[in-house]
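Remarks on the structure that follows.
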Amino acid sequence: FFFFFLVALATTIGQVLFASLAGYAFARLYFFFRNGLFLLILITIISCCGCTKREDKLIMVTEAGFAPYEYYSDGTIVGVDVDIAKEIAKELGKELVIKDVSFDFVINEVKSGKADFAAAGISITPERQEEVDFTLEYTTSNQVVVVKKGSSIKSFDDIKKKKIAVQLGTVADLYVKENYKDAEIISHKKYLSAVEDVKTGKADLIIMDELPAKEIVKENDNLVILDGVLFKDKYGMIVKKGNDELKEEINKVLKRMIND
């Protein structure tokens with residue numbers, strides 16, 4: 001009798017333990033899937049919120065330190081490109097939203113869909129045309145050399161082995177790397193930082209667009225622009241590859257403003 005009692009007791013204890021362990025495992029499994037499902041739903045919602053642009057807004061990306069094309073005035077981004085962008089938004093019946101980023105991020109903002117188009121004094125080059133679609137060219141840029149007053153640099157022939165400051169990712173950056181291989185190239189994310197290098201003697205010169213250069217010289221009487229144009233350049237706005245509808249709308253506005 002005692003033997004059968006022990007067997008029965010062991011069996012009962014085993015069943016209770018099994019039920020408890022099974023229940024615990026089931027509970028863990030349930031909470032795992034429930035929490036996992038909740039997390040998946042949450043991630044999906046956040047992702048959709050992050051990647052979806054409102055249909056009533058037109059997002060332009062730029063680098064707002066490039067007067068007169070785009071720059072800050074009393075905390076607001078203004079300039080030639082901004083005026084054009086406002087006309088584009090008006091044509092589309094949308095609200096214009098402007099994002100200010102470093103110039104070397106502008107193309108990726110458009111490629112990734114974070115912005116609808118970009119206007120930032122963007123030079124039309126074959127390399128960039130492989131990444132994004134350009135609108136028609138809407139202005140021609142003269143690239144010039146800015147030096148400190150009293151500099152020994154008097155002509156373009158004098159800059160071959162000098163310290164040249166440029167803005168990273170610009171056509172001037174590409175031009176210098178291709179044509180002045182013996183020079184020391186100092187690249188900056190903001191061209192205003194490059195200008196500071198020339199003012200403080202860290203760089204001998206800066207190569208940049210003529211119009212912003214004139215603004216810089218106007219504000220800094222210790223800087224001058226060398227005579228002549230180093231090379232010419234053409235600007236266009238950019239949209240994501242294949243976004244022909246927006247490109248044509250922008251071209252329509254550009255044609256109208258050029259004719260006016």
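Each residue takes its place number in the sequence, starting with 1.
Remark: the backbone N or O of Asn108 is paired with a side-chain donor or acceptor of Ser112 at under 3.5 angstrom.
Taking Lys177 as the reference, Asp173, Ile185 meet the side-chain contact (heavy atoms from CB on, under 4.5 Å) condition, with sequence neighbours excluded. Partners of Lys154 by side chain to side chain donor-acceptor pair (under 3.5 Å), not counting sequence neighbours: none found. Applying the side-chain contact (heavy atoms from CB on, under 4.5 Å) rule to Glu87 yields the partners Lys90, Val253, Arg256, Met257; only residues at least two apart in sequence or on another chain are considered. Taking Asp83 as the reference, nothing meets the salt bridge (charged side-chain N to carboxylate O under 4.0 Å, His left out) condition, with sequence neighbours excluded. Residues passing the side-chain contact (heavy atoms from CB on, under 4.5 Å) test with Leu174, sequence neighbours excluded: none. With sequence neighbours excluded, the residues satisfying side-chain contact (heavy atoms from CB on, under 4.5 Å) with Lys252 are Glu91, Glu249. Remark: Lys162 pairs with no residue by the salt bridge (charged side-chain N to carboxylate O under 4.0 Å, His left out) rule, at least two apart or across chains.
Screening residues 186-231 for ring-ring contact (aromatic ring centres under 6.0 Å, His included), with sequence neighbours left out, gives Phe66-Tyr191, Tyr175-Phe231.
Checked for salt-bridge contact, Lys94 and Asp56 miss the test: no charged N lies under 4.0 Å from a carboxylate O. With respect to the salt-bridge test (charged N to carboxylate O, under 4.0 angstrom), the residues Lys241 and Glu131 do not qualify.
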Show me the donor-acceptor pairs within less than 3.5 Å that the side chains of residues 199-209 make with the rest of the protein, sequence neighbours left out.
from	atom 1	to	atom 2	distance (Å)
Lys199	NZ	Glu196	OE2	3.0
Lys199	NZ	Asn220	OD1	2.8
Thr200	OG1	Glu196	O	2.9
Thr200	OG1	Asp197	O	3.4
Asp204	OD2	Lys163	N	2.7
Asp209	OD1	Leu211	N	2.8
Asp209	OD2	Ser141	OG	2.5
Asp209	OD2	Tyr235	OH	2.6

Got a list of side-chain donor-acceptor pairs under 3.5 Å for residues 121-128, not counting sequence neighbours?
from	atom 1	to	atom 2	distance (Å)
Ser123	OG	Asp233	OD1	3.3
Ser123	OG	Asp233	OD2	2.2
Thr125	OG1	Arg128	N	3.2
Arg128	NH1	Ser123	O	2.9
Arg128	NH2	Gly169	O	2.4

Would you be so kind as to tabulate the donor-acceptor pairs closer than 3.5 Å made by side chains of residues 223-230, with sequence neighbours excluded?
none

Exercise answer: donor-acceptor pairs, residues 69-80 side-chain atoms, under 3.5 Å, sequence neighbours excluded:
from	atom 1	to	atom 2	distance (Å)
Glu70	OE1	Thr62	OG1	3.3
Tyr72	OH	Asp100	OD2	3.0

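Between the side chains of Lys232 and Asn142, at least one donor N or O lies within less than 3.5 Å of an accepting N or O.
Using a 4.5 Å heavy-atom threshold, the side chains of Met237 and Phe134 count as separate.
Results of the side chain to side chain donor-acceptor pair (under 3.5 Å) test with Gln167 over Lys189, Lys190, Glu63 single out Glu63 as the only residue that passes.
Minimum heavy-atom separation, Ala213 to Val144: CB-CG2, 3.8 Å.
Ile98 and Leu254 fall within a single hydrophobic cluster, where Ile, Leu, Val, Met, Phe, Trp and Tyr side chains are chained together by heavy-atom contacts under 4.5 Å.
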